[in-house]
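Everything on this sheet refers to the single structure shown next.
The basis for the numbers below is simple: all heavy atoms, side chains too, and nothing from hydrogens, waters or symmetry mates. A, B, ... follow the sequence lines: proteins, then strands. Residue 1 opens every chain.
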2 protein chains.
Amino acid sequence: MTTEISPLRVHELVEIRLRQGQLRYTKGRRAIVEVLLSLGRPAGISDIERGAPDVPRSSAYRHLVDLQAVGAVRAVSANGDFTLFELSEDLTEHHHHLLCVVCGNITDVTPSADFESVIAEMVRSLTRETGFDPVSHSLDVSGHCAACAERIGNSL
Amino acid sequence: MTTEISPLRVHELVEIRLRQGQLRYTKGRRAIVEVLLSLGRPAGISDIERGAPDVPRSSAYRHLVDLQAVGAVRAVSANGDFTLFELSEDLTEHHHHLLCVVCGNITDVTPSADFESVIAEMVRSLTRETGFDPVSHSLDVSGHCAACAERIGNSL
DNA sequence: CTACTTGCAAATGCTTTGCAGGAGA
DNA sequence: TCTCCTGCAAAGCATTTGCAAGTAG
């Protein structure tokens, strides 16, 4: 059920979306998509800088704005200190985040189809009375990642 | 099932928590809690400034840091541009957010107990294999609020 | 009097923008 | 060639901090 999309296909889709916005899929933009693709978790500007050292910060920010504008990238505000970026879910797959409150790491988890249909149903029931028209949802779980949980256990 | 907590009781609880951190419940801090209490939705620094004009920005930020440190306030990073703050859920009640992607408004919705137990069960199943120890979760729904949905409908 | 508070002004750090040169179609 | 792209340096803006004076216990 997991709709896998190949990296090649992702680049193709990103290019199409950029084109629709009169934008080109240049080396810098591709490098950023490459980083987001390979990282497997939301990337901060520092991750991007590390993964694409040839792209200056200011250009990276500009690219990210463009990529968001055409719906290829989504911003995830984690803690407020800085912004994280990830590929749009329709380019990868719908997933949720596990945020470790100790080390700050974010892990992606892909829910089962069953899981998602239940959530979708609940979201509908949650919004029914308010007149709110739901488009998407995000379920983030805060807690302790395996490593930090162990560390805490040990220090007791 | 909805555990209502009176404003008075909230102040009391906040004071206790501050005390435990060797902090005093001063006029400035009280003013901020008052704003968060009366606003009924996550407050930006501008909301706080408007609701508590006597508290300078820098002090407000400092208070918010303190209030977060003692677990009375929680930061909600909405869009990444700036931070929103709300009272800790154990001072009010657990709720979720409806974010309008058009006007940016955030509305709180309180889920039923049934709803929550299902979510909790799903979170457990989601984290079971990863060794992640879940502490809390947030389910945010993006979409169009009633007003914006209507506006969009009309413009077709 | 000792420790926590506050306000102001200055500093910080992420992010955006102006501008001038470069490149794709 | 016209439009989009890129880099650098400078600017913006939310948030933090140093410091000196204020206040509660």
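Ring to ring, His96(A) and His137(B) are not that close: their centroids are 6.0 angstrom or more apart.
At a cut-off of 3.5 angstrom, counting only N and O atoms as typed in the model, there is no donor on one side facing an acceptor on the other between the side-chain of Arg57(A) and the base of dG13(C).
The nearest whole Å value for the distance from the NE2 atom in His63(B) to the C1' atom in dT6(C) is 7 Å. Atom pair Glu49(A):CD and dT15(C):P shows a separation of 11 Å (rounding to whole Å applied). Rounded to whole angstrom, the span from the CZ atom of Arg62(A) across to the P atom of dA20(C) amounts to 14 Å. Spacing between atom CG of Asp54(B) and atom C1' of dT5(C) amounts to 16 Å, rounded to whole angstrom units. In this structure, the OH atom of Tyr61(B) is 18 Å from the P atom of dT12(C), given to the nearest Å.
A salt bridge does not link Asp66(A) to Arg17(A): none of the charged nitrogens lies less than 4.0 Å from a carboxylate oxygen. Classification of Glu15(B) and Arg19(B) as a salt-bridged pair holds, one side-chain N sitting under 4.0 Å from a carboxylate O. Looking at Arg124(B) and Asp133(B), no side-chain N of the basic residue comes within less than 4.0 Å of a carboxylate O on the acidic one, giving no salt bridge. Salt-bridge annotation for Asp54(B) and Lys27(B): absent, with no side-chain N of the basic residue lying under 4.0 Å from a carboxylate O of the acidic one.
Looking at heavy atoms from C-beta onward, His63(A) lies in side-chain contact with Val55(A) at the 4.5 angstrom threshold. Counting heavy atoms from C-beta on, the side chains of Glu150(B) and His144(B) never come closer than 4.5 Å.
Within the nucleic acid shown, Phe82(A) comes within 4.0 Å of sugar-phosphate atoms alone, with no base atom in reach, counting heavy atoms only. Within 4.0 Å (heavy atoms only), Asp66(B) reaches no atom of the nucleic acid at all.
First and last contacting nucleotides of DNA chain D toward chain A (any atom under 4.0 angstrom from a heavy atom, 5' to 3' order): dT3(D) to dA9(D).
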Exercise. Would you please test Thr130(B) and Thr107(A) for side chain to side chain contact (heavy atoms under 4.5 Å, CB included) and show each step?
Key: CA-CA 10 Å; Thr130(B) 61; Thr107(A) 310; 6.0 Å; no

Review point. Could you go step by step and tell me if Glu116(B) and His94(B) meet the side chain to side chain contact (heavy atoms under 4.5 Å, CB included) rule?
Key: CA-CA 9 Å; Glu116(B) 273 311 307; His94(B) 178 60; 3.1 Å; yes

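Listed by residue number, Arg24(A) are the residues of residues 10-35 of chain A with a heavy-atom contact under 4.0 Å to DNA chain C.
Between Ser58(B) and Val55(A), it is Val55(A) whose nearest contact on DNA chain D lies nearer the 5' terminus.
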